[in-house]
Amino acid sequence: DGNAPPLTPPCQGGGQDGIMPLLSNEENKEITPPLSKGGQGGVSYVCELKIDGSALALTYENGILVRGATRGDGVSGEDITQNVKTIRSIPLKLNLDNPPPVVEVRGEAFLSLAVFEEINREREKTGEQLFANPRNAAAGTLRQLDSKVVDKRRLDFFAYTLYLDAGNEQNTQWDSLELLQTIGFKVNPNRKVCYSLDEVREYYEFWDTERRNLPYMTDGVVVKINSVLLQKQLGFTQRFPRWAIALKYPAQEVPTIVEAVTVQVGRTGALTPVAELKPVQLAGTTVSRASLHNGDRLSELNLHIGDTVIVRKAGEIIPEVVRVLAELRPQNAQLFQMPSCCPECAQPVVREKGEAVTRCINTSCPAILRGSLIHFCSRDALDINGVGEKLVQQMVDSNLLTSAADLYDLTAERLMGLERMGKKLADKLVSAIAQSKNKPYSRVLYGLGIRHVGTVNAQLLTERFTNVEDLATVSAAAIEGVYGIGPEIAQSVSQWFRVPANQSLIARLKIAGLQLHSEIKSQNLADINLQFAGKIFVLTGTLPTLKRDEAKDLIVKAGGKVTGSVSAKTDYVVVGEDAGSKLEKAQSLGIKILSEAELLELLVT
DNA sequence: GCCATCGGTA
DNA sequence: GAGAAAGGAG
DNA sequence: CTCCTTTCTCTACCGATGGC
């Protein structure tokens, strides 16, 4: 979803991050960041409509369209370049005399309401399942394997961001939009430069009603600081730029009834109450469940079974219970409270003082085991394709799996005893598991599911402690020495390695042949390239000739470092086919972006 | 050909 | 994708 | 204490794939 870089949601009342308070509260004249740096002194804003479709990143090399990518982490993303080429509003060739070697264009692919309805009429005739809404239809179409089908679906495209080489940059966002238009893109005509926040507010309010007359769906307005120089000065806070914001129109709210509340048990043992709702149509989808988060939220809502509640889709995506209409409560309705026993294993649950979550602490709770296994196999961890919820359920129930290490003892024959498991699937699975043995140490560490060790902290830890033995034997105090790791996390890690079951898990994974140490061992000094020394690289997408591991090797050998996620500390992002969120983040952080060719060139110099 | 499951996206 | 909670740095 | 980052958990839908 969304326009341009990820943007802050409208501020929820508090008012440090958005200009939403200005829009909803006339009295609040205080100008708040991120857009506060101007408004008077000649600072201008560009307002654009936020089209509800699917974000697309296009790469042009020497003026020719070579890649089209949606989001994703790019590791296993599909090639949608062929599909993108069927979109008529995307030029195959830039209308530019001397095109820079690489041009990146971002924009929104969408289906007009008319085309959407036409497609659904057609599908109704042929008895196919109807699309729920234009956004889903557009996203689904882009992933279609047969580009002829895509061609027929008549996708449209509005460009909104242009990235040129340094030196070729435009001075303002407005100029970028104009240039996009002259080089052959469709740019949404309903854009405007505003010179004050009052003007921005006017624009927002005008389109709140006017958008209903547009032939495509919009869900808000994007406001950007016009000056590129100022954008750079403002920079970025956390996940978002300080110079842009999305102002979303209020979500549609609808009443429904809570038929029941179920409690789910996550991999950490956390108990999450979920409202089972009488299904309602909302923002083009059917909503039947909504998270209630935790015990605190639950008591705040004072929710009873059978209550009528107001639900909405936060950001048009996530169902949320806004409030309970207590006056409509049936008599004798039962208050729902967090259970005192785990719904999976019936052991008593605990809630630590000062913490919001209620947890099952039974080390052999099957729900926790299942969750841990799913996490271990997940994409950011060992990326074992084909292992999903149902399969894990089956394998745990049939005692095929009692820990992640058991995965590496599985054979096709043993798997084929399971339901719906033929030779083909079983072979695929065994091969996927074998492949995971090559995944780097940091991913394995992440996959272990140690509390507070996500992708970032796993990376930090593996950099400092280059093999598990060190990490397992070192004191909590030593772990705390890592920048970014404090006492809580250090304690959590240290304790994890002191549990005998975990120690034997590590031992077995080691025997299975998993990577439990970083490869950056003895470095050949002669290979070190000054341009690479200490530089942090991130790879994204499928590179044209190199395998990911090969590219990583080359960088590491040259003295560089390859990490998994883009942050402010990243120096270069190497982009391949179907680059996803990392490219996007890199762009929004202004990090230097390299193609494979450029990387290789840098290596030889 | 239908159905369940999985992976990816918003 | 949203949002809540909680940890780390200063 | 505040600001920021990170972790963790949650939903709905669509297309692809393999089993039977």
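Every chain is numbered from 1, with letters handed out A, B, ... down the list of sequences. What you are looking at is a predicted structure, and each value in this text was computed from that prediction instead of being measured.
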A.B. asks: Return the value, rounded to whole Å, for the distance between atom CD1 of A/I374 and atom P of D/dC8.
C.D. replies: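 These atoms are roughly 16 Å apart.
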A.B. asks: With the criterion being N/O to N/O and under 3.5 Å, what pairs connect the protein with nucleotides 11-13 of chain D, and how long is each?
C.D. replies:
from   : atom 1 : to     : atom 2 : distance (Å)
D/dT11 : OP1    : A/R289 : NH1    : 3.1
D/dA12 : OP1    : A/S288 : N      : 2.7
D/dA12 : OP1    : A/S288 : OG     : 3.3
D/dA12 : OP1    : A/R289 : N      : 3.1
D/dC13 : OP1    : A/T286 : N      : 3.0

A.B. asks: Only counting residues at least two apart or in another chain, list the ones meeting ring pair (Phe, Tyr, Trp, His ring centres under 6.0 Å) with A/F116.
C.D. replies: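 In terms of ring pair (Phe, Tyr, Trp, His ring centres under 6.0 Å), with neighbours along the sequence ignored, A/F116 is linked to no residue.
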A.B. asks: With sequence neighbours excluded, what pairs up with A/R154 under the salt bridge (charged side-chain N to carboxylate O under 4.0 Å, His left out) test?
C.D. replies: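 Result, salt bridge (charged side-chain N to carboxylate O under 4.0 Å, His left out) vs A/R154: none returned.
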A.B. asks: Please figure out whether A/A426 or A/G449 has its closest DNA chain D nucleotide nearer the 5' end.
C.D. replies: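 Taking each residue's closest nucleotide, the earlier one in sequence belongs to A/G449.
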A.B. asks: Closer to the 5' end of DNA chain D via nearest nucleotide, is it A/G454 or A/K424?
C.D. replies: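 Here A/G454 is the residue nearer the 5' end.
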A.B. asks: Base, backbone or nothing for each nucleotide of nucleotides 5-10 of chain C, written B, S, -, heavy atoms under 4.0 angstrom, 5' to 3'?
C.D. replies: SSSSSS
A.B. asks: Stepwise, does the side-chain hydrogen bond (donor to acceptor under 3.5 Å, both in side chains) test hold for A/T286 with A/Q281?
C.D. replies: CA-CA 5 Å; A/T286 309; A/Q281 286 302 117; 2.7 Å; yes
A.B. asks: Before accepting this row, confirm whether a basic side-chain N of the pair A/E344/A/R370 lies closer than 4.0 Å to the acidic partner's carboxylate O.
C.D. replies: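 Salt bridge between A/E344 and A/R370, a charged N being under 4.0 Å from a carboxylate O: yes.
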A.B. asks: Rounded to whole angstroms, how far apart are OH on A/Y446 and P on D/dT7?
C.D. replies: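 Result: 8 Å.
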A.B. asks: At 4.0 Å (heavy atoms only), tell me whether A/E389 reaches a base, stays on the sugar-phosphate, or touches nothing.
C.D. replies: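 The answer is sugar-phosphate, as A/E389 gets under 4.0 Å only of primed atoms, P, OP1 or OP2.
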A.B. asks: Once side-chain hydrogen bond (donor to acceptor under 3.5 Å, both in side chains) is applied, what residue pairs with a partner in residues 477-488 of chain A remain, sequence neighbours excluded?
C.D. replies: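 Output for this query is empty, none listed.
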A.B. asks: Checking A/D397 now: which residues fulfil salt bridge (charged side-chain N to carboxylate O under 4.0 Å, His left out) with it, not counting sequence neighbours?
C.D. replies: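 Here no residue qualifies.
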